[in-house]
Structures are given as structure tokens and as C-alpha cells.
Amino acid sequence: MENLLKLEPNPSLLSNQTLPVVNSYNEWDPLKEVIVGRVEGAAVPHLEPALLTNSYPNNLGFFQKYAGQPFPQELVEIAAKELNDFCHILEAFGVTVRRPDIIDFSKTYKTLDFEASGFYAAMPRDVLIVVGNEIIEAPMAWRSRFFEYRAYRSLMLEYFRRGAKWTTAPKPSMSDEFYDFEFAQKPVEERYALTKKGHFVIRDTEPSFDAADIVRFGRDLFVQRSHVTNNIGITWLKRHLGDTFRVHVVNFPDYNPMHIDASLVPLRPGLALINPARPCLEKELFKKAGWDLVDAAPSTLPDNWPMYMCSSWVCMNILSLDPETIVVEKQEEPMQKLLKDLGFKVIPVDLRHLYTFGGSFHCVTCDVRREGKLEEYGF
Ligand code: ARG
């Protein structure tokens, strides 16, 4: 049997049958099952307040031109191919890959409080988080993302039927009171200055967080306040997770904050990447816990690459297959070298065109099952 397993890397034999269907405590334990997002059906959102603060001023033209329409077909095709190829690579490593449903996100919808059209199901990391044996749908803050969870509902139902604990956090109404419209209209420098003082585009009227503002280190979770995650959202998370987990708020000099996974990325127990352009303000907390924080290497992306939703620091947005093996974008050679020098086996995979949609390997995935159990890592 031992030999057979070695000769035939059959995913169903390799997957650990004794693990609960949903089981993931950190970002690095051996990966068994993962949801990989899709760009099919993606639409360009209208310039709502929370989107306006996240994008960069030079992109206004793109949003004005395409708002409410499907993403340009040639962008979708090339990014979809990259994602499909990535899925096959994961499968070759024995990982079970699941995909969301295809939804036409350009459809408009009307709730009691607002009207909008959708965005995409490209980034499961933004909407779903697995904390131990529970999978939580995040409440989110963009009107264009209100119904994003729908693309994952068949998967959630399946996991639920197979015994998973499935929670949807209370969604904000996203009514006008929820946003600071004036904030969104201010020039970038003023917005940055306000963010520095702790003002964000969403108010604290109702809980809100994106799952990608949280990073998991076993019993300890780190979360950042951002333009999509508010204090009352963090309070909801803390109260919901109770005493089993500890939720710490961390800060970065990032004046466009949305999603922590291009700022703080743990690689294995005791070692995490940080973003040298926005170094974590709580470095001491990590040092005291015995963690080394290593500066990520900058991206090799050309300056004129279309980036509508994020910075090129998504080069550090890697996916760990286990504590020794990491998927890194194929053209990010400096990042690859850094990780190799730190002793990792690096798997280079093409995903550059996904950057244009706002993320890389960590964003486009949600690890549903990793081997391993609840542990503490020095905090
Ligand atoms: N806001 C980050 C940056 O621009 C990108 C984070 C993307 N992460 C995600 N889960 N979508 O550097």
C-alpha cells in the first residue's frame, strides 16, 4: 500500500478521509481541498463610494466606460485560462479543486436600500473564510458584492449536507447611511490623511468585514480595519468566534486598505512575509512571539500593466501547498528567489492577467481543507 501510494498520486487516496469536510486553521498546513474563483461572468461595478476609495484615480476612465457591463472579453479569456491551468497544477499536487457557479454579474438588482449590478466570483478569499471547522460568508461592504455569495451557494449547501458548520454573518443594509459619501469625493491626499487618522469610507453603523482582511495563525487571527472592514464588524467576529480563537487588530501604513493578504502573509510557523512599503506597526507582537518578519521582494510587473483594483504588491499574495511548498507567480523572479533562499520549494505559475482583476493566488482561493488542527504559534 505504501508503495502504491508513492507510485500513483491518486487524489482520492491521498486526501485524508479522517479530516472533517471543512478544516483549516492557518495559511500553511498541507492543502487538501480548495475553492478557486472564476472570471467568467465578471462585470465592472458602478463607481460606488467604497470602490472609488479602493481604486486609483487614473482608473476612473475604465470604470466610467465599462460600469455595469461585462469585463472586456479578451481580459476574461486570458485570465480564465490562467486560472484553469492553475487548477490543473493544484490537482497534480493531489489537491481537490472546486469552482463557484458561473453567474452573470452584469445583471442589475434592487434591494430595499439601493440599486446596483454585480462584480465577480474571482476572489473567494474576499467572501469566504474557514476558521477551523466552520465556513463563514463575510458580510462585505460593496454594493456590487452584495450577492456575490450566490456563486458559492451550491458549494456551501454541499459542504453543509456533508456536515460542515456554515455561517453567514449579518450583511449590512448598505443604505446611504452606511457610507461616508463626502469621504469618497475628497482628493486622494485628503483621503489618505483621513485614513491615517482612522477615518474610512464605511461607517460603524452596521457590522461589515471582508474575509480577506483576516489572516489565520491557528488560535490567533489578525485583522485589519479597512475601507471594507469596520470596528463593529471586528466586534461581531470576536464575539462569534468566542474563546477558542483570539482576534487581534493590526495596522499598516496603507492608506488604501482593503485586504490584508498583500501586507502580512505567514509562510510557516515562525516566519511571515511583510510588505516593506507598509511595514506592520505591531512588529513587536510578532517578535515577542518568536516570529521572523521578512520583507517581500517587489514585483517585476511593468508600470503600464492595467491594475484597476490593487497594487503590484499582490506579488506576495502566494498560496502555500504545505509548510515547504509555495505557489508564486511565474514572472516574479525576485519573490521566487527570496522564498528559495528561505528554504522553500517554489512552484512558478502564470497568473499575471489575474492581477488586473485585483489579486493573485491567495485572493483567488479559499482553502476549505488543510491537514492539521488547532494550535498556538507563540502569541
Ligand atoms: N489591497 C491590496 C493591495 O492593493 C491587495 C489585496 C488583494 N487581496 C484580495 N484578497 N483581493 O496591495
Side-chain angles (χ1 to χ4, degrees), residues 27 34-39 42 45 50-59 71 79 83 86 100 119-130 136-138 140-142 144-145 148 151-152 188 191-192 195 200-202 209-216 221-229 250-266 273-280 295-299 301 303 305-320 327 329 332 335 351-367:
E27 312 289 338
V34 71
I35 304 173
V36 176
R38 283 185 181 282
V39 285
L51 165 59
L52 203 61
T53 41
N54 179 59
S55 194
Y56 303 89
N58 56 331
N59 289 328
F71 255 83
L83 279 173
F86 171 45
F119 190 22
Y120 56 34
M123 312 280 163
R125 186 72 59 185
D126 299 357
V127 56
L128 298 171
I129 183 164
V130 173
I136 303 174
E137 287 173 18
M140 308 199 93
W142 289 15
S144 53
R145 308 191 82 169
E148 198 162 304
Y152 304 93
V188 182
R191 279 192 336 235
Y192 285 6
T195 308
F200 301 85
V201 72
I202 53 165
F209 61 87
D210 269 18
D213 270 326
I214 306 158
V215 59
R216 303 159 305 156
L221 286 88
F222 297 89
V223 58
Q224 72 166 354
R225 177 84 170 87
S226 77
H227 288 309
V228 290
T229 297
V250 280
N251 297 279
F252 306 88
D254 175 4
Y255 306 121
N256 221 13
M258 176 167 160
H259 305 151
I260 199 166
D261 53 1
S263 299
L264 171 65
V265 177
L273 281 179
I274 51 164
N275 185 327
R278 47 178 103 125
C280 182
D295 281 351
S299 178
L301 200 70
D303 284 343
W305 195 266
M307 296 291 273
Y308 304 123
M309 320 275 173
C310 69
S311 75
S312 63
W313 283 108
V314 288
C315 64
M316 64 185 282
N317 191 264
I318 52 85
L319 181 73
S320 293
V327 179
E329 213 288 325
E332 304 289 5
M335 258 319 300
L351 208 72
R352 226 181 213 194
H353 294 86
L354 237 298
Y355 285 16
T356 304
F357 289 80
S360 189
F361 299 104
H362 193 259
C363 312
V364 301
T365 51
C366 168
D367 38 314

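Just so you know, ligand 1 is whichever comes first in the structure, and atom 1 is the first atom listed for that ligand. FYI, side chains are in, hydrogens and waters are out, and symmetry mates aren't considered; it's all heavy atoms of this structure.
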Side chain to side chain contact (heavy atoms under 4.5 Å, CB included) between Val215 and Glu27, worked out: CA-CA 8 Å; Val215 59; Glu27 312 289 338; 3.8 Å; yes
Proximal ligand 1 atoms for Cys363, defined as those under 4.0 Å from one of its heavy atoms: 7 (C), 8 (N), 9 (C), 10 (N), 11 (N)
Proximity to ligand 1 by part of Asn275, non-hydrogen separation under 4.0 Å: neither
Ligand 1 N/O within reach of Asn256 N/O, cut-off under 3.5 Å: no
Interfacing atoms of ligand 1 (cut-off 4.0 Å, heavy-atom, Met258): 1 (N), 2 (C), 6 (C)
For the student: nearest non-hydrogen atoms of Tyr355 and Cys310, plus distance: O-SG, 3.8 Å
Pick from Ser311, Gly358, Ser55, Ser312: the one approaching atom 12 (O) of ligand 1 most closely through a non-hydrogen atom: Ser311
Min side-chain heavy-atom separation His362-Val314 under 4.5 Å: no
Side chain to side chain, Pro257 and Phe252, heavy atoms closer than 4.5 Å: no
4.0 Å heavy-atom contact, Arg278 with ligand 1: yes
Side-chain heavy atoms of Ile318 within contact of Glu332, under 4.5 Å: no
Nitrogen or oxygen of Asp126 less than 3.5 angstrom from that of ligand 1: yes
Ligand 1 contact by Gly359, heavy-atom criterion under 4.0 angstrom: no
Residue Asp261 vicinity, atoms of ligand 1 by number, heavy atom under 4.0 Å: 6 (C), 7 (C), 8 (N), 9 (C), 10 (N)
Chi angles and distances behind the side chain to side chain contact (heavy atoms under 4.5 Å, CB included) call for Val223, Phe209: CA-CA 9 Å; Val223 58; Phe209 61 87; 5.9 Å; no
Ligand-residue contact atoms, ligand 1 with Cys310, heavy atoms, under 4.0 Å: 4 (O), 5 (C)
Exercise: identify the closest heavy-atom pair between Phe357 and Met309: O-CG, 3.6 Å
Under 3.5 Å: N/O of Trp313 near N/O of ligand 1: no
Test side chain to side chain contact (heavy atoms under 4.5 Å, CB included) applied to Thr195 and Val201, step by step: CA-CA 9 Å; Thr195 308; Val201 72; over 6 Å; no
Under 4.0 Å to a heavy atom of Ala212 - the qualifying atoms of ligand 1, by number: 10 (N)
